[in-house]
Protein chains: 2
Amino acid sequence: MRVLVVDDDKLICASVKLILESNKDIEVVGTANSGQQAIELYKKFKPDILLMDIRMDKMSGLEAGENILKVYKDAKILYLTTFADDEYIIKAFKIGAHGYILKQDFECIIPSLRAVYIGQYVFGQDIVSKIPALINSEEKKNLSKLGINDKESDIISLVAEGLNNKEISEKLFLSEGTVRNYISGILEKLDLRDRTQLAVFYFKNK
Amino acid sequence: MRVLVVDDDKLICASVKLILESNKDIEVVGTANSGQQAIELYKKFKPDILLMDIRMDKMSGLEAGENILKVYKDAKILYLTTFADDEYIIKAFKIGAHGYILKQDFECIIPSLRAVYIGQYVFGQDIVSKIPALINSEEKKNLSKLGINDKESDIISLVAEGLNNKEISEKLFLSEGTVRNYISGILEKLDLRDRTQLAVFYFKNK
DNA sequence: AGCAATATATTACATTTGTCATGCAAAGTG
DNA sequence: CACTTTGCATGACAAATGTAATATATTGCT
């Protein structure tokens, strides 16, 4: 397994290199101290895995990774960094990194590398625990299940377009009072307080 | 490493058991064929890792996992399943599973197990590639162009959470009247009529 | 210092909204 | 048939909302 190590802190580069090379099936083909250099060395060595820090002086590891992955679509990049910043995590997923682990879990580096080597994607606890909050989990509540019928559904849609009761009543050929009654019932069923919350509900569940 | 294997297909259970036990540091402490049984055996054996299918007859693996994780918060569950269904993936992340890999990548089972054993989280290609689409990448629309300032922005967000004027005033330490004034101004600037339309606007422009 | 702009508040008022009790006719159901 | 249910309507009412005019204190500019 041939690995390229990138970190703007040379001490870390050296330490990681030591750790990796204590395994005889792992070879550190080079170390780079900047995103720019990472790209150059990647082209030169075509390592199996690029083990890279994110925060670096000039070009961030994410930027460098993005560049490399554009050209070498099967490049495997494992980010080894200090922070589990939301933006970083999202970006890492977006560019298609093979993993994101934290430096403090340094004993995880080797097993993670091996998993990545065979094509899996590896993430540390602090990373994964943040994902749910980043996901549109929007468990689409099944309206029919909540006892919302067709007419009520129609009204919900219209409320969610920003129509007032009068406009809704005209669209549906109902009296305004009836529309109010319907909405009142819908709010009760969905345990909401007013039409604005209903509109919010609509967008979050649709 | 003590592993509990769960799959409603007994043949798969047996195969996986064989594969695992070809490694002498891995012990299969039991096999279960349903979510219910998985919970029972988990309690009984407290395995290091629960390697489980998702789709099963009675209780899904996700449900079983949720139950187990409620009680044993440091349980490590690695899902081994056939499909990379969005709902499954989201749910797996939510309950805090330690991994989600596909059966077709069966050669990844062992290395994945090892990574999970030391606390990492492992996912297969097909899983990870779906995550970006599931993430709220919140490209913040530039309201400042429309003459909306920071405070107004705050208020808009709160309206779009369904808060009423009183609640907003309490959150922002303003009087209710002031909040009304702000909203009145916002509505004018955005050419909207009421707070519901404002909430709609918010969701459509975010 | 003088003056305009800004942020906040207050008040009054009209309108919209949500709730509730009730009415009533058509459609089902025993 | 008598009955319940369903769908729609009405009126009364309180609360929330939106508008407008005005006030005040602070800030910033000249």
Side-chain angles (χ1 to χ4, degrees), chain A residues 137-206, chain B residues 136 138-206:
Chain A
S137 72
E138 320 290 312
E139 329 172 346
K140 292 171 195 167
K141 284 185 190 160
N142 197 347
L143 290 182
S144 58
K145 218 167 191 177
L146 292 164
I148 299 294
N149 61 35
D150 288 354
K151 180 135 283 182
E152 287 172 328
S153 256
D154 290 347
I155 290 181
I156 293 174
S157 305
L158 296 175
V159 167
E161 283 175 29
L163 303 202
N164 64 22
N165 293 330
K166 183 132 192 299
E167 289 163 339
I168 295 174
S169 76
E170 281 161 6
K171 275 223 171 190
L172 300 183
F173 305 104
L174 297 172
S175 81
E176 190 189 328
T178 301
V179 173
R180 293 224 288 259
N181 290 336
Y182 271 114
I183 290 181
S184 196
I186 292 168
L187 295 179
E188 165 109 17
K189 281 181 189 171
L190 300 181
D191 194 26
L192 301 172
R193 186 212 295 147
D194 55 45
R195 69 202 295 105
T196 305
Q197 292 193 340
L198 179 56
V200 172
F201 172 91
Y202 176 87
F203 283 104
K204 291 205 166 157
N205 294 278
K206 179 71 176 89
Chain B
N136 287 320
E138 298 284 326
E139 297 174 17
K140 292 165 194 167
K141 188 129 193 180
N142 209 353
L143 290 174
S144 57
K145 279 180 201 157
L146 295 161
I148 298 295
N149 61 36
D150 289 355
K151 180 133 278 175
E152 288 172 330
S153 236
D154 291 347
I155 290 180
I156 293 174
S157 304
L158 296 175
V159 167
E161 282 174 31
L163 304 202
N164 63 23
N165 293 329
K166 182 132 190 300
E167 290 163 337
I168 294 174
S169 75
E170 282 160 5
K171 273 223 172 188
L172 300 183
F173 304 104
L174 297 173
S175 81
E176 191 189 331
T178 301
V179 172
R180 291 222 290 260
N181 290 338
Y182 270 114
I183 290 181
S184 196
I186 292 168
L187 295 178
E188 166 118 24
K189 281 182 188 172
L190 301 180
D191 195 25
L192 302 171
R193 187 210 295 145
D194 56 43
R195 69 201 298 102
T196 306
Q197 292 193 341
L198 179 55
V200 172
F201 173 90
Y202 176 87
F203 283 103
K204 291 203 168 156
N205 291 278
K206 119 187 146 108

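Labels below follow one simple rule: chain letters A, B, ... track the order of the sequence lines, proteins then strands, and each chain is numbered from 1.
- Not counting sequence neighbours, B/S184 has no partner by the side-chain hydrogen bond (donor to acceptor under 3.5 Å, both in side chains) test.
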> Can you give one letter per nucleotide of nucleotides 8-19 of chain C, going 5' to 3': B for a protein heavy atom under 4.0 Å from the base, S for sugar-phosphate only, - for none?
Replying inline: SBB-B----BBB
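- B/V179 has its side chain out of reach of B/L172: every pair of non-hydrogen atoms, C-beta onward, lies at least 4.5 Å apart.
- Looking at heavy atoms from C-beta onward, A/D154 lies out of side-chain contact with A/K171 at the 4.5 angstrom threshold.
- A distance of 13.5 Å separates OH in B/Y202 from CG in B/L190, rounded to the nearest 0.5 Å.
- For the atom pair CD of A/E161 and CD1 of A/I168, the computed distance is 9.0 Å after rounding to the nearest 0.5 Å.
- Between B/E167 atom CD and D/dA15 atom P the separation is 16 Å, expressed in whole Å.
- As a whole-Å value, the separation of A/E152 CD from D/dC8 P is 11 Å.
- Taking atom CG of B/D191 as the reference point, atom C1' of D/dG18 lies 15 Å away to the nearest angstrom.
- The side chain to side chain contact (heavy atoms under 4.5 Å, CB included) test with B/L158 singles out one residue from B/L163, B/I183, B/N164, and that residue is B/L163.
- For the pair B/L158 CG and D/dA16 P, the interatomic distance rounds to 18 Å; values are reported in whole Å.
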